[in-house]
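Structure record follows, encoded as structure tokens.
Atoms within a ligand are numbered from 1 in the order they appear, just like the ligands themselves.
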Amino acid sequence: MTASAIQRVTVLGSTGSIGTSTLDVIARHPERYQIHALTAHTSKEALLAQCITFRPLVAVLDHEADARWLRAELGRANQPTDVMVGPEALCDVARDASVDIVMAAIVGAAGLLPSLAAAEAGKRVLLANKEALVMSGALFMQAVARSGATLLPIDSEHNAIYQCLPVEHRGGLARHGISQLLLTASGGPFRTWSESAIAQVTPDQACAHPNWSMGRKISVDSATLMNKGLELIEACWLFDARPDQIQVVVHPQSVIHSMAAYQDGSVLAQLGNPDMRTPIAYGLAWPERIDAGVEALDLFQVARLDFETADEARFPCLPLAREAMRLGGLAPVVLNAANEVAVDAFLNHRLGFLDIGRLVEGVLSSPLEGRADCLDSILWADQRAREHAAGWLKRWSA
Ligand SMILES: NC(=O)c1ccc[n+]([C@@H]2O[C@H](COP(=O)([O-])OP(=O)(O)OC[C@H]3O[C@@H](n4cnc5c(N)ncnc54)[C@H](OP(=O)(O)O)[C@@H]3O)[C@@H](O)[C@H]2O)c1
């Protein structure tokens with residue numbers, strides 16, 4: 001690869017689980033990738049260490065005081081990185097004309113605007129921030145179509161499906177002979193637990209995922225199966241599918257990352273060790289393949305693959321998400337916002353594990369009228385749903 005072909009990358013959320021895995025893959029290929037910008041919320045020490053290793057042109061933090069500290073430390077290290085502050089700076093580094101690839105790895109609704117900015121600017125968008133697509137699916141996909149952006153899913157399930165579909169798969173599944181998408185789920189740490197045992201779980205237990213090492217919010221979402229619900233909505237937008245064309249398959253080994261079933265009876269699957277560096281490397285290099293630092297899958301060690309249906313009675317967040325997608329409009333925005341408030345309250349010991357689903361159901365039961373076809377109404381609904389959720393929390397703790 002020649003120097004002129006070097007790709008410039010912005011990593012949004014570089015200090016998180018996906019962000020650090022992305023930098024791990026990038027560090028293996030200095031001849032292919034150069035970092036333009038790295039961003040964090042408050043992890044200034046981690047961001048400093050990343051800046052010294054990857055020498056980005058820009059670093060972004062959320063607070064001016066943290067940014068002042070980072071500027072001083074970078075000055076001491078003779079490092080000329082420009083330090084910017086706040087949400088608008090995140091959008092700037094996502095849409096910068098010199099950037100080729102944007103890894104969208106901020107967690108939650110905070111990632112919506114910069115992920116959308118990257119899509120509008122026609123970048124190669126590596127989308128880990130599923131909440132952005134849950135909130136703004138139609139708008140996001142229109143922005144991709146209008147700008148000519150390349151949207152590559154990083155969620156391992158969607159990345160697997162992407163690999164199992166024909167290169168051109170827009171226009172509905174049936175058009176390409178696909179009968180169903182099979183979205184695999186590990187089932188989370190409480191798959192075999194009774195409801196009474198699940199009621200007592202602590203945040204640390206919920207974050208101890210059996211197969212994947214992830215940030216705390218997505219770990220809780222995996223434990224409630226809300227993560228699978230958000231992924232179902234994400235898959236509808238990415239692959240032009242209806243909720244009833246997607247079947248959730250609990251597969252505790254997390255070796256098959258998802259599948260596509262074709263009308264001729266073929267089922268194509270993508271397998272691999274549960275390591276996010278595989279989908280990240282796929283997204284960075286597509287359509288080429290590069291070393292991700294991931295060990296080859298040893299099928300003899302795996303030995304068996306199990307499959308179960310999801311227990312939607314013990315894990316009601318999954319049917320709630322499916323229902324929100326079926327309702328459409330602003331319902332997925334409300335679902336996502338209520339879930340973010342509930343998960344935060346659970347992680348801060350203000351809510352029990354089973355209350356997460358109850359709170360989301362409660363907030364969803366007062367629907368917000370409106371269409372999710374412009375950013376203003378999406379942001380309005382996100383805000384209103386957070387207020388509703390905060391009201392529920394207050395009533396419960398009174
Ligand atoms: N982890 C996985 O294996 C995995 C797999 C599939 C999909 N995903 C998706 O990828 C996204 C990231 O997940 P993660 O597990 O990497 O999360 P994480 O470890 O919590 O990292 C989140 C990143 O976003 C930054 N951030 C958080 N709040 C922010 C805000 N308000 N403004 C700006 N930046 C903010 C964090 O900065 P600080 O470090 O300063 O807090 C951190 O860099 C999520 O949408 C998740 O669903 C993750």
Side-chain angles (χ1 to χ4, degrees), residues 10-25 37-50 59-63 66-67 69-70 84-94 102-115 117 125-135 152-160 183-186 188 207 209-224 226-231 233-235 238 254 257-258 273-280 282-283 294 321 336 339-340 343-344 347 382 386:
T10 281
V11 184
L12 300 168
S14 64
T15 50
S17 165
I18 293 289
T20 49
S21 292
T22 303
L23 293 179
D24 181 282
V25 177
L38 297 175
T39 85
H41 187 218
T42 55
S43 303
K44 55 182 195 292
E45 285 92 356
L47 191 59
L48 171 65
Q50 292 181 343
V60 183
L61 278 162
D62 204 38
H63 302 293
D66 289 340
W69 177 89
L70 184 59
M84 295 167 69
V85 183
E88 193 46 45
L90 294 175
C91 294
D92 289 344
V93 295
V102 176
M103 165 54 81
I106 290 175
V107 61
L112 170 61
L113 295 181
S115 304
V125 184
L126 310 190
L127 190 71
N129 178 219
K130 68 193 82 185
E131 295 91 344
L133 210 52
V134 169
M135 294 173 73
L152 294 165
I154 296 304
D155 241 325
S156 59
E157 295 78 359
H158 306 74
N159 189 272
L183 197 61
T184 55
S186 70
C207 289
H209 196 279
N211 305 333
W212 297 94
S213 161
M214 308 182 285
R216 284 173 80 77
K217 192 262 180 184
I218 185 178
S219 296
V220 176
D221 285 347
S222 298
T224 59
M226 178 59 91
N227 184 49
K228 214 44 58 182
L230 298 176
E231 288 180 3
I233 298 174
E234 183 185 11
L238 284 170
S254 297
H257 297 306
S258 278
N273 285 316
D275 187 323
M276 288 306 293
R277 290 176 300 174
T278 295
I280 291 167
Y282 180 89
V294 177
N336 180 68
N339 182 57
E340 286 193 23
V343 170
D344 185 66
L347 285 172
D382 177 65
R386 282 168 199 274

For Ala49, the side chain to side chain contact (heavy atoms under 4.5 Å, CB included) test, sequence neighbours excluded, returns none
Is Glu157 salt-bridged to Lys130, cutoff N-O under 4.0 Å? no
Of Val60, Leu23, Thr15, Thr10, the residue whose pairing with Leu38 passes side-chain contact (heavy atoms from CB on, under 4.5 Å): Leu23
In this structure, which one of Asp344, Asn227, Thr224, Asp221 forms a side-chain hydrogen bond (donor to acceptor under 3.5 Å, both in side chains) with Asn339? Asp221
Report all protein residues having a heavy-atom distance below 4.0 Å to some atom of ligand 1; order the list by chain, then number. Gly13, Ser14, Thr15, Gly16, Ser17, Ile18, Ala40, His41, Thr42, Ser43, Leu90, Ala105, Ile106, Val107, Ala110, Ala128, Asn129, Lys130, Glu131, Asp155, Met214, Gly215, Ile218, Met276
Euclidean distance, Arg277 CZ relative to Asp24 CG, rounded to 0.5 Å: 4.5 Å
Identify the two heavy atoms, one from Gly215 and one from Ser17, that lie closest to each other, and give their separation to 0.1 Å. N-CB, 3.8 Å
